[in-house]
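Single-structure report; data block below.
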Amino acid sequence: PMIAKPNSDNRRGVTHEESTTSRPRSGPHGRPGRAHRGRGIVVSVRPYKREQRRCPVCGRACDFYDMANRGAPRLWRAMDLARSACYLEYAPCRVRCPEHGVRTEAVPWARHGARFTRDFEDWVAWLAVRCTASAVSELARVEWHSVGGVCRRVYAELEAARGASRFDGVRRIGIDETSYKKGHKYVTVVVDHDRGCLIWAHEGTGKDVLNLFLDELTREQRRAIEVVTADGARWIRQLVKRRRPNARWVMDPFHVVQWMNDALDAVRCEEWNAARAAARAARPRPEGKRGRPAKGELPPEEVRALGEEAASIKGSRYALVKNPEDLTDGQRARLEALKKRAGSRLVRAWELKEDLRAVFRAADGSEAAELLDDWMHRAAYCKIAKVVAVEKKVRRRRDDIIAAVELGISNGRVEAINNKIKVTVRMGYGFRNTDNLVALLMLRCGDCQPQLPGRPVKARKKGVKGAKSVAA
């Protein structure tokens, strides 16, 4: 809703081009009517009468107060015309709103507080989701720090146009924190498993930050949450249990197996150090001679066998922690040799790791409970300190692990979005303003996707494949 008003010296509405250092000449009413920054096109416009003198916050028609900036016109950056930058020129007034006080009137071609048109900001936001900030800045010919403000305004409008809250209908959520900057700088994220998108993010980590998310929810929205997935962080579990005690807590299977893999690698290091010490002790040392054997002096067969055993244990990390079906031929051969040469502690720890993985392949919750109880009994009496420590952690979270098998859900969706966050931070080479980062993450990983101006709106696919319904 705008009318192009041509200048007196150019009836086509296209101004002349001038250099950056030149001062814009006055138009017919004492307004600058030509160049703004460098070479560009300035079009004088005004809203329709019914759109004038509107409050930028509530949109109601208000009384005239005075002219903004002493009647000097303002310029809004618009979409380029051919190879030239285009600007819209208009002198807004200030209005007195009964609710919001004195404000500069709203203009229909731009958002409140922006010096860019709505189509231009939608275009920049669409590019920001897919490109780096420096590339968007170069292509759109704007400052790179202006891209963050554009993303914030576009996301705020998309969220307001949704009609309903993004937290309505949320039943299953995943909570995690991920690093976005050096120095232990984290951002806490909350993901909706059913829609497969990011619904909340905030700088920081801990109970105080997570409380901000729970405070944003209404009482009905908190009651609607049925399932919560997370890693083994105790502070998440304690806070959610206090604020939403009836929600089903699910332990992420990946982190459970990761505990056992860490314990298995620690046992491997212990076995390697023991085998290396045995090989060193078995090496003959003549009196008065120290250091390595002389050139051509071969160690005995017993010492050589111990050295080979230590070397096989040292290079077996990936053969032990990887899934057996994903092993290469060399890793599979190393694992088979390790079963014959290494001591029983390392082999028993590897077998317990595979038995723990088998728990999450169970058909239902009852089979998983039976397998998990048998695993905990054998792990508790295996006499391997690292594995016993894992067994104690698993025993404390027994019901949460069984719930992961019953509901068929994990924290994999959250980890995937964490990877997108890492890529976003890497593409931007870091963010000074975390509000700009959160706005960009909500546009990129949320369900409010920016659209190109003039294009039909594309519907976002919802739902997660393979997810089971929540048990009563």
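Since we're looking at a predicted model, the values are computed, not measured. Both backbone and side-chain heavy atoms feed into the values below; hydrogens, waters and symmetry mates do not.
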Practice prompt. Begin with the C-alpha distance, continue with both residues' side-chain angles, and end with the deciding distance and a verdict on salt bridge (Lys or Arg N to Asp or Glu O under 4.0 Å) for R166 and D192.
Written response: CA-CA 10 Å; R166 66 180 182 274; D192 183 4; over 6 Å; no
Atom of [X], atom of [Y] and distance for their closest heavy-atom approach:
X	Y	value
V438	A201	CG1-O, 3.7 Å
R334	S316	CD-CA, 3.7 Å
N211	R243	OD1-NH1, 2.6 Å
W235	G206	CZ3-O, 3.2 Å
L158	C448	CD1-O, 3.8 Å
V228	A247	CG2-CB, 4.2 Å

Do other residues, nucleotides or ligands put more than 12 heavy atoms under 6.0 Å from [X] [atom1]?
X	atom1	answer
E216	CD	yes
E370	CD	no
K322	NZ	yes
N323	CG	yes
K353	NZ	yes
R378	CZ	yes
K241	NZ	yes

Practice prompt. Evaluate salt bridge (Lys or Arg N to Asp or Glu O under 4.0 Å) for R413 paired with D194, printing each intermediate quantity in order.
Written response: CA-CA 10 Å; R413 176 69 61 176; D194 295 323; over 6 Å; no
Does the side chain of [Y] come within less than 4.5 Å of [X]'s, by heavy atoms?
X	Y	value
Y180	L437	yes
C151	L443	yes
V257	N261	yes
I401	F360	yes
K185	S179	no
M79	W123	yes
W249	D399	no
C445	C197	no

Exercise: do [X] and [Y] side chains pair donor with acceptor under 3.5 Å:
X	Y	value
Y186	E203	no
H255	D252	yes
T117	D119	no
D168	Q221	yes
T424	R444	yes

Worksheet item: Taking the six-membered ring of W350, is NZ or CZ of R348 closer than 6.0 Å to its centre and within 45° of its axis?
Response: no
Discussion item. The test is salt bridge (Lys or Arg N to Asp or Glu O under 4.0 Å); show your working for E271 and R268 and say whether it passes.
Written reply: CA-CA 5 Å; E271 292 294 313; R268 181 191 64 86; over 6 Å; no
Could you give the distance from [atom1] ([X]) to [atom2] ([Y]), rounded to the nearest 0.5 Å?
X	Y	atom1	atom2	value
Q449	M442	CD	CE	10.5 Å
I402	D373	CD1	CG	6.5 Å
M251	K393	CE	NZ	8.0 Å
W109	W76	CH2	CH2	5.5 Å
I175	T188	CD1	OG1	9.0 Å
N418	E177	CG	CD	8.5 Å

Discussion item. Does L320 form a side chain to side chain contact (heavy atoms under 4.5 Å, CB included) with D265? I'd like the steps, not just the answer.
Written reply: CA-CA 8 Å; L320 291 170; D265 189 57; over 6 Å; no
Practice prompt. Tell me, please, which residues at least two apart from V390 pass side-chain contact (heavy atoms from CB on, under 4.5 Å).
Written response: W259, M260, A263, W375, V394
Worksheet item: Y381 vs H377 aromatic rings, parallel, tilted or perpendicular, using cut-offs 30° and 60°?
Response: tilted
Worksheet entry | Residue list, salt bridge (charged side-chain N to carboxylate O under 4.0 Å, His left out) with R118, at least two apart or on another chain | E157
So, the side chain of [X] versus the backbone of [Y]: is there a donor-acceptor pair under 3.5 Å, distance only?
X	Y	result
R244	I225	yes
R222	L217	yes
N433	D435	yes
D364	E367	yes

Worksheet item: Please walk me through it: do I173 and V190 pass side chain to side chain contact (heavy atoms under 4.5 Å, CB included)?
Response: CA-CA 7 Å; I173 62 174; V190 180; 4.1 Å; yes
Worksheet item: Which residues satisfy the ring-ring contact (aromatic ring centres under 6.0 Å, His included) test with W200, sequence neighbours excluded?
Response: H202, F213
NZ/NE/NH1/NH2 to OD/OE distance under 4.0 Å, [X] and [Y]:
X	Y	value
E226	R172	no
D400	R248	no
E159	R162	yes

Fill in: Verdict with reasoning, R234 to D231, per salt bridge (Lys or Arg N to Asp or Glu O under 4.0 Å)
CA-CA 9 Å; R234 294 186 179 182; D231 53 13; over 6 Å; no
Practice prompt. Determine, step by step, whether C382 and L352 satisfy the side chain to side chain contact (heavy atoms under 4.5 Å, CB included) criterion, reporting the C-alpha distance in whole Å, the side-chain angles of both residues, the deciding distance to 0.1 Å, and the verdict.
Written response: CA-CA 9 Å; C382 68; L352 288 172; 4.1 Å; yes
Worksheet item: How far apart are the C-alpha atoms of K207 and L214, what are their side-chain angles, what is the distance that settles it, and do they pass the side chain to side chain contact (heavy atoms under 4.5 Å, CB included) test?
Response: CA-CA 10 Å; K207 293 184 178 180; L214 298 174; over 6 Å; no
